[in-house]
Each structure stands twice: as structure tokens, then as C-alpha cells.
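Reckoned from all heavy atoms, side chains included, excluding hydrogens, waters and symmetry mates.
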Amino acid sequence: MVQRLDTVLAAIGAAAAALMMLHVVAEIFCRNVLGITLPATLEIVSLYYMPALIFLPLASVEKMSGHIDVSFVQEAFPAPVRRVTEVASLTACGLVYGAMGWVGLQEAMAKFRIREFLMGEVAVPLWPGRFLVPIGCFAIAAVIAVKLAILFRSRKNDAR
């Protein structure tokens with residue numbers, strides 16, 4: 001399930017990038033050629049597209065081990081120390097992302113309850129975009145949990 005989830009979230013993040021690009025290009029075209037502006041472009045870009053682009057693909061990047069890594073330092077350690085540092089770093093990251101997801105979910109639920117919106121040229125509901133942070137954080141925490149489970153399972157198999 002985690003494997004499909006990270007792929008779906010990465011696809012949604014990619015779609016958000018494409019939609020953001022089209023939206024901004026349409027805004028520039030309308031402003032410079034037609035002399036009008038598209039309402040709420042800045043708000044939609046900053047409150048929907050950007051969080052989706054940043055947080056939703058996190059799990060997919062983690063699954064591919066695409067985050068910044070200091071493997072050249074870790075390679076100098078003996079194998080048991082490497083395993084301990086890997087478990088420690090994954091555990092710390094999983095806890096941080098889990099905490100970020102939990103706090104983000106509490107914030108999103110609070111904004112959902114009051115139906116938060118931004119009043120401008122048009123009213124833009126803000127609360128739906130607030131759920132992108134916890135979704136992305138919980139998804140990467142799940143990928144990290146799977147990685148830890150694989151590490152522990154391989155350790156048991158090595159001990160046999």
C-alpha cells in the first residue's frame with residue numbers, strides 16, 4: 001500500500017507543478033495581452049500548488065533514497081556502526097516527520113472546523129490546502145517505517 005501511495009502522491013505533486021506553470025503562464029498572458037488579471041492566482045499558487053509540490057512527493061523521494069545523504073562519512077564506519085547510524089537517522093527522521101504530520105493535522109482540523117478562507121478579489125478557502133502538509137509528512141513517515149522494518153528483518157536474516 002505504501003508503494004502505491006508514494007507513487008500517487010508524487011503524481012499529484014507533478015500535476016500540481018504542471019497546473020501551477022499553466023496557471024502562472026495564463027496569468028501573465030491575461031495581464032500582458034488582455035489587460036486583466038486572473039483572480040486569486042497568488043493565493044492559489046502559494047496555498048495549494050506549492051505545498052502539494054513540496055510535501056506530496058516526499059515519500060517517493062525517500063523511497064528512492066533521493067534526500068541529501070552523507071554516505072561518504074558513513075562508508076568509513078564498520079558495517080555494524082553503519083547499521084546503527086542508519087537505524088538512528090531513520091528513526092529520528094520518522095519521528096520528526098510523524099510529529100510534523102501530527103501538528104499539521106491538528107492545525108488543518110482547526111482550520112477545517114472554522115472553514116478558514118482568505119477574502120480578496122474572490123474568497124479562497126484555505127483549509128483544504130492545510131491537509132497537504134500532514135498527508136505528505138505521514139506518507140514519508142510510513143516509507144521510513146517500512147525501511148526500518150526491512151532493516152530489522154534483514155538483521156534477523158543475517159543472524160541466522
Original post:
Same cluster or not: are Met100 and Leu90 linked, directly or through other Ile, Leu, Val, Met, Phe, Trp or Tyr residues, by side-chain heavy atoms under 4.5 angstrom apart?
Top reply: yes
Original post:
Which pair of heavy atoms, one from Ser46 and one from Pro51, lies closest together, and at what distance?
Top reply: O-CD, 3.4 Å
Original post:
Given side chains that start at C-beta, do those of Thr7 and Lys63 come closer than 4.5 Å, heavy atoms only?
Top reply: yes
Original post:
Is there a side-chain contact between Cys93 and Val96 (heavy atoms, below 4.5 Å)?
Top reply: no
Original post:
Taking all non-hydrogen atoms of both residues, which atom of Gly98 and which atom of Ala141 are closest, and how far apart?
Top reply: N-CB, 4.1 Å
Original post:
Stepwise, does the side-chain contact (heavy atoms from CB on, under 4.5 Å) test hold for Ile44 with Met20?
Top reply: CA-CA 9 Å; Ile44 292 169; Met20 179 174 61; over 6 Å; no
**OP:** Taking all non-hydrogen atoms of both residues into account, name the closest pair between Tyr97 and Cys137 and its distance.
**Re:** O-CB, 3.4 Å
Original post:
How long is the span from the CG atom in Leu47 to the CG atom in Leu132, to the nearest 0.5 Å?
Top reply: 10.0 Å
**OP:** Decide whether Leu19 and Val24 are clustered together by the hydrophobic rule: side chain heavy atoms of Ile, Leu, Val, Met, Phe, Trp, Tyr closer than 4.5 Å, transitively.
**Re:** yes
Original post:
Does Met21 belong to the same Ile/Leu/Val/Met/Phe/Trp/Tyr cluster as Ile28, with side-chain heavy atoms less than 4.5 Å apart forming each link?
Top reply: no
Subject >> Nearest atoms (heavy-atom pairs only) where Ala17 meets Leu53 >> reply: CB-CD1, 3.7 Å
Original post:
Would you call Arg130-Glu116 a salt bridge at under 4.0 Å N-O?
Top reply: yes
**OP:** First locate atom OG1 of Thr91, then atom CG of Leu148, and finally report the distance between them rounded to the nearest 0.5 Å.
**Re:** 4.5 Å
**OP:** State, to 0.1 Å, how close Pro125 and Ala123 come at their nearest heavy-atom pair, and which atoms those are.
**Re:** CD-O, 3.8 Å
**OP:** Nearest 0.5 Å please: distance from the CG atom of Asp6 over to the CG atom of Leu56.
**Re:** 11.5 Å
Subject >> Ion pair Arg31/Glu27, N-O distance below 4.0 Å >> reply: yes
**OP:** Mind checking the CD1-CD1 spacing from Ile135 to Ile12? Nearest 0.5 Å is all I need.
**Re:** 8.0 Å
Original post:
Short question: side chain of Thr41, backbone of Leu38 - any donor-acceptor pair under 3.5 Å?
Top reply: yes
Subject >> Salt-bridge criterion met for Lys147 and Glu62 (N-O under 4.0 Å) >> reply: yes
**OP:** Work out which heavy atom in Gly101 is nearest to a heavy atom in Phe138; give both atom names and the distance.
**Re:** C-CZ, 3.3 Å
**OP:** Answer whether the closest heavy-atom distance between the side chains of Arg113 and Met109 falls below 4.5 Å.
**Re:** yes
Original post:
Under 4.5 Å between any side-chain heavy atoms of Phe152 and Val87, yes or no?
Top reply: yes
**OP:** Using ring-ring contact (aromatic ring centres under 6.0 Å, His included) as the criterion, list what pairs up with Tyr49, not counting sequence neighbours.
**Re:** His23
Subject >> Reported CD1-to-CG distance for the pair Ile144 and Leu151, which is rounded to 0.5 angstrom >> reply: 11.5 Å
**OP:** For Phe112, check ring-ring contact (aromatic ring centres under 6.0 Å, His included) against everything at least two apart and list the hits.
**Re:** Trp127
**OP:** Report the distance from atom CG of Leu5 to atom CD1 of Ile140, rounding to the nearest 0.5 Å.
**Re:** 12.0 Å
**OP:** Apply the test salt bridge (Lys or Arg N to Asp or Glu O under 4.0 Å) to residues Lys111 and Glu107: give CA-CA distance (whole Å), side-chain angles for both, the deciding distance (0.1 Å), then the verdict.
**Re:** CA-CA 6 Å; Lys111 301 304 181 181; Glu107 181 71 15; 3.6 Å; yes
Original post:
Val25, Val45: one ILVMFWY side-chain cluster at the under-4.5 Å cut-off?
Top reply: no
Original post:
Is it the case that one hydrophobic cluster holds both Leu118 and Val122, taking links as side-chain heavy atoms less than 4.5 Å apart, direct or via other members?
Top reply: yes
